[in-house]
Amino acid sequence: MKKKRISGSDLLFHTGNYLFFTIFTILCVYPFYYILINTISDNTMSANGLIRFLPAHIHLDNYRQILKLDGLISAAAVTLGRTVIGTICTVLASAFLGFMLSQEKMWKRKFCYRFFVATMYFNAGLIPLYLTMKNLHLLNNFLVYIVPAIVQPFNIILVKTYTESIPKSLQEAAEIDGAGFLKIFWKIMLPVSKPILATIAIFSAVGQWNSFQDTLIYVTNKELFTLQYLLYTYINQANSLATMIKNNTSGTSLNMASLMNQQTPTSIRMTVTAVVVIPILLVYPMFQKYFVKGIMIGSVKG
Amino acid sequence: MQKNVPTGKRPSKEGYLMFLTVLPFLILSFIFSYFPLSGWIFAFFDYRAPLKLSQCEFVGFKWFVALFANKTQLSQLWQVMKNTFAMSSLGILTSVIPMFFAIFLNEIRNKRFKAVVQTLTTIPNFISWVLVYSVAFSLFAESGLFNSLLQQYGLITAPIKFLDSDKHTYLSMLLWSQWKNVGWGAIMYLAAVAGIDQELYDAAKVDGAGRFALMRHITLPALLPTYFVLLMLSVANFLNNGMDQYFVFQNAFNKNHIQVLDLYVYNIGISGNSISIATAISMLKSLVSISLLCVVNFLSKKTRGEAIF
């Protein structure tokens, strides 16, 4: 068999194309790799930007030391809490509302649907929202991460569209058996809508994990800081933090090994970054198909 | 016994019950989306933080007038508007990049390579702007990767201040948002490409069309509808740059060019405590945004025959 001939211009095109995408992919991945290898390398070298391709003098001290940082544990707990609770709440609410708004029997159904969807197109603005939260005593309150995010019109549209695509006979059969709408929702629609709910869950979990603005605006209590916010403050004051840790550990005898691995501003910043980014890096490839599905369904509805 | 049977007009008892179960969510939606609109009233008062609104002086349109009457205020606002327009326009000008990214990625034959590129280039989209800033700091700070590389090879003697400088602020903001968004933005186009009928390509090839002719006459037209919808949406969001990106990158040096409208409202309202004037600005912003939305929707109806909303 003769191979298909590749013309010169074809070869040039393909080489250029592969080269471009290889470079762009490296640009997207290398920064994360750079941070990860720096967190496990000799801290003096990494502080001088000398760890570039391979880690050197591998150690895990940074990860051990970082646990001693003021507020890290509580920030992790807050972030985890809001991610889990917030996601569950909004998924259940979206599932329920999406289902209800597809039920023609419902009184004022059209009005309710418009009432929710209209909120996508306007925004009172930062200050009025802030004052509202203040009046509701949601400032410095864990609930500020959860309650305002429960009703998400876009998710409701997604579930409603999905529910309407399910054969009506499924629900009718249950109705004949005497099931009420709550039972139908819980026993039939919830299990059937799993694919779309998984998509919504993954998007809102990432959103909760990454959320930064709400802490910045509504929270001043250190115990309610999230990892994202903590990271932001660490980047801005990494220098003072390094001295803090140094003072904490100076009671023990200093040998060469511990000197080499002493925390520098760079190491602290990068290690916290790694702690925040690793969950995303782990979760994303596993759930990629849900992300892609989400954007596709979303694009249909615009 | 027939009173529970749903008839054509009258809703059943179950219908009311359903409404009742939805009601709590309507209230939530009202509290967090509709009720805050009442806060616009602060734009007409001289509001000072701990006081009650009733204790503050009603000043009418004073703040709106002050925005345009006060020289320093006006020049500041003018700069903010310039930044907002620059960032939004750059975003709109570069909005074709994800589409071309998808078109060219589609030319790659090796399926595995394609899948890997697709997965890895979308990762930056899923990290927050704080993390992006942390990445930027690691690479571009004075002791970061780039400065150490440049110094090692003797290209520079003193570290370059990439982040703490007001040079090329628009460009660097654009590049960071491209880095974060291009891979993800391409996904939607890639799916559209996958939906194109393969026979179209085969037929065109028989007619002697080359690679670029196929891209130009088959792939591109198939993607344009998606592109226009996204373009309209970004025009409608012209004033809404969001503030996360600009907030994390802002510092004393680049403040002049990085303050977009959303960030400005935050800076003067929350940090600066000028509640009333910040409300006035965000109120104007909302009104302009909604008008833009209506205009864009109208244009879309006229040109494409369907509304986007």
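Since the model is a prediction, treat every value here as computed from it, not as a measurement.
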Might you point out which heavy atoms bring [X] and [Y] nearest each other, and give the distance in Å?
| X | Y | value |
| --- | --- | --- |
| A:Ala124 | B:Ser282 | O-OG, 4.3 Å |
| A:Arg114 | B:Tyr34 | O-OH, 4.4 Å |
| A:Ile280 | B:Phe126 | CD1-O, 3.4 Å |
| B:Trp40 | A:Asn123 | CZ2-O, 4.3 Å |
| B:Tyr266 | A:Ile217 | CE1-CG1, 3.9 Å |
| A:Cys28 | B:Trp179 | CA-NE1, 3.5 Å |

- Query: Heavy-atom count around B:Tyr153 OH within 6.0 Å, excluding the residue itself: above 12?
  - Reply: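 No, because the 6.0 Å sphere around OH of B:Tyr153 holds 12 heavy atoms or fewer from other groups.
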- Counting only heavy atoms not in A:Leu36, do more than 12 fall under 6.0 Å of its CG?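 It does: A:Leu36 CG has more than 12 such atoms within range.
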Counting only heavy atoms closer than 4.5 Å, note whether [X] contacts chain B via side chain, backbone, both or neither.
| X | value |
| --- | --- |
| A:Gln103 | side chain |
| A:Ser211 | neither |
| A:Tyr284 | side chain |
| A:Leu216 | both |
| A:Val147 | both |
| A:Phe185 | neither |

Under a 4.5 Å cutoff for heavy-atom pairs, which residue among [options] has the most contacts with chain B?
| options | answer |
| --- | --- |
| A:Leu27, A:Leu101, A:Leu281 | A:Leu27 |
| A:Tyr229, A:Phe181, A:Phe212 | A:Phe181 |
| A:Tyr130, A:Phe24, A:Phe20 | A:Phe24 |

- Item | Criterion side-chain contact (heavy atoms from CB on, under 4.5 Å) on B:Thr121 and A:Val29, from CA distance to verdict | CA-CA 8 Å; B:Thr121 53; A:Val29 178; over 6 Å; no
- Report yes if the distance between the aromatic ring centroids of B:Phe104 and A:Phe21 is under 6.0 Å, otherwise no. no
What part of [X] is in contact with chain A, defined as an atom under 4.5 angstrom from a non-hydrogen atom: side chain, backbone, both or neither?
| X | answer |
| --- | --- |
| B:Gln151 | neither |
| B:Leu105 | both |
| B:Ser38 | neither |
| B:Asn147 | neither |
| B:Thr119 | both |
| B:Met243 | both |

- B:Arg211-A:Ser9 side chain donor-acceptor pair, cut-off 3.5 Å: no
- Item | B:Ser134 and A:Arg269 side chains, donor-acceptor separation under 3.5 Å |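 No, because no side-chain N or O of A:Arg269 sits under 3.5 Å from a partner of the opposite role on B:Ser134.
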- Query: A:Ser94: what forms a side chain to side chain donor-acceptor pair (under 3.5 Å) with it, not counting sequence neighbours?
  - Reply: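 A:Ser94 satisfies side chain to side chain donor-acceptor pair (under 3.5 Å) with no other residue.
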- Item | Side-chain donor/acceptor of A:Trp107 to backbone N/O of B:Met18, under 3.5 Å | no
- Message: Using only atom types and a distance under 3.5 Å, with no angle test, would you say the side chain of A:Trp209 pairs donor to acceptor with the backbone of B:Ser128?
- Response: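 No, because the side chain of A:Trp209 does not come within donor-acceptor range (under 3.5 Å) of the backbone of B:Ser128.
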Counting heavy-atom pairs under 4.5 Å with chain A, which one of [options] comes out on top?
| options | answer |
| --- | --- |
| B:Leu26, B:Ile290, B:Leu149 | B:Leu26 |
| B:Ile127, B:Thr279, B:Val135 | B:Ile127 |
| B:Gly183, B:Pro36, B:Gly39 | B:Pro36 |
| B:Ser286, B:Pro124, B:Ser138 | B:Ser138 |
| B:Thr122, B:Ile31, B:Leu17 | B:Thr122 |
| B:Leu28, B:Val117, B:Leu131 | B:Leu131 |

Over 60° means perpendicular and under 30° means parallel, so classify the ring planes of [Y] and [X], tilted if in between.
| X | Y | result |
| --- | --- | --- |
| B:Phe247 | A:Tyr232 | tilted |
| A:Tyr18 | B:Phe113 | tilted |
| A:Phe96 | B:Phe25 | tilted |

- Just wondering, do B:Phe35 and A:Leu129 contact through their side chains at under 4.5 Å, heavy atoms?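 Answer no - side chains too far apart.
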- Task: For residues A:Thr273 and B:Val130, determine if any side-chain heavy atom of one lies less than 4.5 Å from a side-chain heavy atom of the other.
- Result: no
- Task: Only pairs at least two apart or in different chains count here, so list each salt bridge (charged side-chain N to carboxylate O under 4.0 Å, His left out) that has a residue in residues 15-30 of chain A.
- Result: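 Non-adjacent pairs meeting salt bridge (charged side-chain N to carboxylate O under 4.0 Å, His left out): zero.
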- Task: First locate atom CZ of B:Phe32, then atom CE of A:Met133, and finally report the distance between them rounded to the nearest 0.5 Å.
- Result: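 Output value for this atom pair is 5.0 Å.
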